[in-house]
Amino acid sequence: MITSVLVANRGEIACRVFRTCRELGMSTVAVYSDADADALHVREADTAVRLPGAAPSETYLRGDLVVRAALAAGADAVHPGYGFLSENADFARQVIDAGLVWIGPPPEAIEAMASKTRAKELLGIAPLTDVTEADLPVLVKAAAGGGGRGMRIVRELDQLAGELAAASAEALSSFGDGEVFVEPYVENGRHVEVQLLCDTHGTAWALGTRDCSLQRRHQKVVEEAPAPGLPAALEASLLDTAVRAAKAVGYVGAGTVEFLVADVPQALGLARAGGTPRAHFLEMNTRLQVEHPVTEEVFGVDLVALQLAVAEGRALPPEPPAPRGHAIEARLYAEEPARAWAPQTGVLHLFELPGESRRAGEGRRGGQSRRPGEGRTVRLDTGYVSGDAIGVHYDPMLAKVIVHAPTRAEAVRKLAHALDRARIHGPVTNRDLLVASLRHPEFGDPGLLDTGFYDRNLAALTGPRAGEAYAAVAAALAEAAANRGRFGGGWRNLRSQDETRTYGDHEVRYRPTRDGGYEVTAPEGVRVVSAAADRVRLEVAGVVRDFDVAAYGDGFVHAGPYRLTVRPRFTDPREQTAPGSLLAPMPGTVVRVADGLAVGDRVTAGQPLLWLEAMKMEHRVIAPASGTLTALHAAPGRQVEVGALLAVVSDDATTEAAQEDQTA
């Protein structure tokens, strides 16, 4: 019997596993890097062991240190979570050789499927080798790992070599394995997967399908179960293929087989180009998936509890439970979708989700994760609570928000409503994008689901939100009310100029009134019902709206669901930057500078100049225009803060003007 479990991971998945362990009466052990010393998973564990350092290569990817930590803490089993060492056969052997229980598949099964190239060979699928123009577009992928890292789409043959090098470098940094391969890229396919659970007694469950087609940077954003709109024959084929793949390698535990499905709309009789649906095997993930909660909600099971039972040698029932209803999950990220999904850092001042019940005593700041099937309207699996800091070292996912309902339409509506009403104060998140995505007509029609959703719709989904101008009014009046409370003042007999405040792109003008209220002069048509420092009520066109307002002194104000940038009344001349300045879009590390790049070089618009790595993602910094590189402050290994000057590219006109000034 397992009595104590170390989770060789961090954040949300560590908290998720700990929750089930506590319910089963098992002690919990956390490992943590220096950057995670005060993280929620550390606070929730019974004991914790430090892994010195901050980079994953120094900490969570050091199998020897993790095993040593398990032995030191008296754990008798190790759960790998997902990511990091979860699909590392050598780590599994280290755990087993140390006399610990490995909560995962046999190392041999991991080896057979951990490399996507070897997995394809096992199933008789060969990767592309000599790529020609006729093969384009193609996809460069890391042989190990996942999560969209080490993955590049190539549409022009002369870009292939550079993308192979970039993907290899990113894969080596993320997974410790730089092997990459090339396969055909299927435009606008469906990403569909099958959840497996196998025991040591020969039973293999195929727990239905999931659809994970809404993705950014090849990483999933919204997942649901069952995958909607699949022809019955195709679904049966996917389930059968998944079980055959598992049995072929003697699989044990939880795992997922992933497919890319093409031409589903045509098979459903929809008016979109295509043909007979085709399922392309992508990979088998020999671990628990991030999106496992939707399967749990549909089948009414706890997959972590079943993993633990299988690891203890217990047999599964011959058949899995019957599925019921529909579940959908959205990944909440600290990122700015409109700026190339740039990850964000900072303090998460407030994190509240209506309808999510909390259990007292889970974490020093209050727990928010719930177990499958427990009474609540929304399930929140997270590694953060109010007051936690979001750093630069790891994935920017804050939480997974999951709902279950009798039908897909009801589940989509329920999830959009919960996200729309969430109070998330701190760095920019993708919450608004998620709400807009769930309410988009294409998402509502299963026949239109595919991986190209954000390529087609991102600009529209990230445009200005209706009502933001009124949120700016609420922010201005809340500030005025707070100042009135602190300093007194208000209406004067002599009429003064309007007070002016600017938030983002919205200028607000108002003046105090004789009765202690406020009159808004811009934007027009706004009547102030009441205004306090933390809550403002406005009437617009006969409709009354309430705005809860909060500011934390970080240059932003939160008014209802809106996050607004506070604009200073006067521009500080010291904040001016030279034309062509390239500033760091996020805090991170310079991992690469273009080969041979030096001050004085000619560059062309769109040319990659350097690469930043932040929160497990690599970001290219490109030349904004053709011209001359007149400054280069970036070097590999340099840590930079957001807004740091990386380089300056002077366009041709600026360079010529400067030369004329020098010769005049």
Side-chain angles (χ1 to χ4, degrees), residues 53-58 61 138-182 216-219 335 339-345 391-396 580-649:
S57 60
E58 301 172 331
L61 288 172
V138 296
L139 188 64
V140 177
K141 294 177 69 173
R149 289 173 289 280
M151 191 178 294
R152 301 286 193 280
I153 300 173
V154 180
R155 300 184 184 278
E156 298 180 18
L157 200 57
D158 60 359
Q159 295 178 353
L160 181 59
E163 297 293 16
L164 282 167
S168 178
E170 189 175 12
L172 184 62
S173 172
S174 298
F175 315 120
D177 184 344
E179 182 187 355
V180 295
F181 67 98
V182 179
R216 93 303 187 244
R217 300 172 63 99
H218 311 293
Q219 192 170 38
E335 65 184 13
R339 292 179 52 233
W341 314 96
Q344 305 293 301
T345 61
V392 302
H393 297 284
Y394 310 111
D395 189 275
S581 295
L582 301 181
L583 307 180
M586 77 288 293
T589 303
V590 179
V591 293
R592 191 154 61 97
V593 175
D595 292 342
L597 187 67
V599 172
D601 286 354
R602 286 277 306 166
V603 297
T604 57
Q607 176 183 337
L609 303 181
L610 55 100
W611 287 258
L612 282 179
E613 185 177 77
M615 300 171 99
K616 295 175 70 176
M617 291 187 183
E618 191 174 272
H619 304 265
R620 294 191 303 177
V621 178
I622 64 174
S626 297
T628 302
L629 185 70
T630 56
L632 180 62
H633 301 289
R638 179 189 170 196
Q639 297 275 339
V640 297
E641 296 297 325
V642 62
L645 181 62
L646 302 173
V648 178
V649 175

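The basis for the numbers below is simple: all heavy atoms, side chains too, and nothing from hydrogens, waters or symmetry mates. Numbers here are sequence positions counted from 1.
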Between [X] and [Y], is there a donor-acceptor pair closer than 3.5 Å when you use the side chain of the first and the backbone of the second?
X: Gln344; Y: Ala342; answer: yes
X: Arg152; Y: Gly162; answer: no
X: Glu58; Y: Ala54; answer: yes

Heavy atoms, side chains only, cut-off 4.5 Å: are Leu164 and Val154 in contact?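 A side-chain contact is absent here, since even the closest heavy-atom pair is not under 4.5 Å.
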Can you find a heavy atom in the side chain of His218 that is under 4.5 Å from one in the side chain of Ile153?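 In short, these two side chains touch, coming nearer than 4.5 Å.
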Over all heavy atoms of both residues, which pair between [X] and [Y] is shortest? Give the atoms and the distance, please.
X: Asp395; Y: Gln219; value: OD2-NE2, 3.5 Å
X: Asp177; Y: Glu179; value: OD1-N, 2.9 Å
X: Val140; Y: Ala167; value: CG1-CB, 3.7 Å
X: Ala142; Y: Ala171; value: CB-CB, 3.6 Å
X: Ala625; Y: Val649; value: O-CG1, 3.6 Å
X: Pro396; Y: Arg216; value: CG-NH2, 4.4 Å

When the side chains of residues 584-599 are checked against the rest of the protein, which donor-acceptor pairs come out under 3.5 Å, sequence neighbours left out?
unit_1, atom_1, unit_2, atom_2, d
Thr589, OG1, Gln639, OE1, 3.4
Thr589, OG1, Gln639, NE2, 2.9

Measure the [atom1]-[atom2] distance between [X] and [Y] for me, rounded to the nearest 0.5 Å.
X: Leu609; Y: Leu646; atom1: CG; atom2: CG; result: 9.5 Å
X: Asp158; Y: Glu163; atom1: CG; atom2: CD; result: 10.5 Å
X: Glu641; Y: Thr345; atom1: CD; atom2: OG1; result: 7.5 Å
X: Ile622; Y: Gln607; atom1: CD1; atom2: CD; result: 10.0 Å
X: Leu645; Y: Leu632; atom1: CG; atom2: CG; result: 9.5 Å

Step-by-step side chain to side chain contact (heavy atoms under 4.5 Å, CB included) determination, Lys141 to Val180: CA-CA 5 Å; Lys141 294 177 69 173; Val180 295; over 6 Å; no
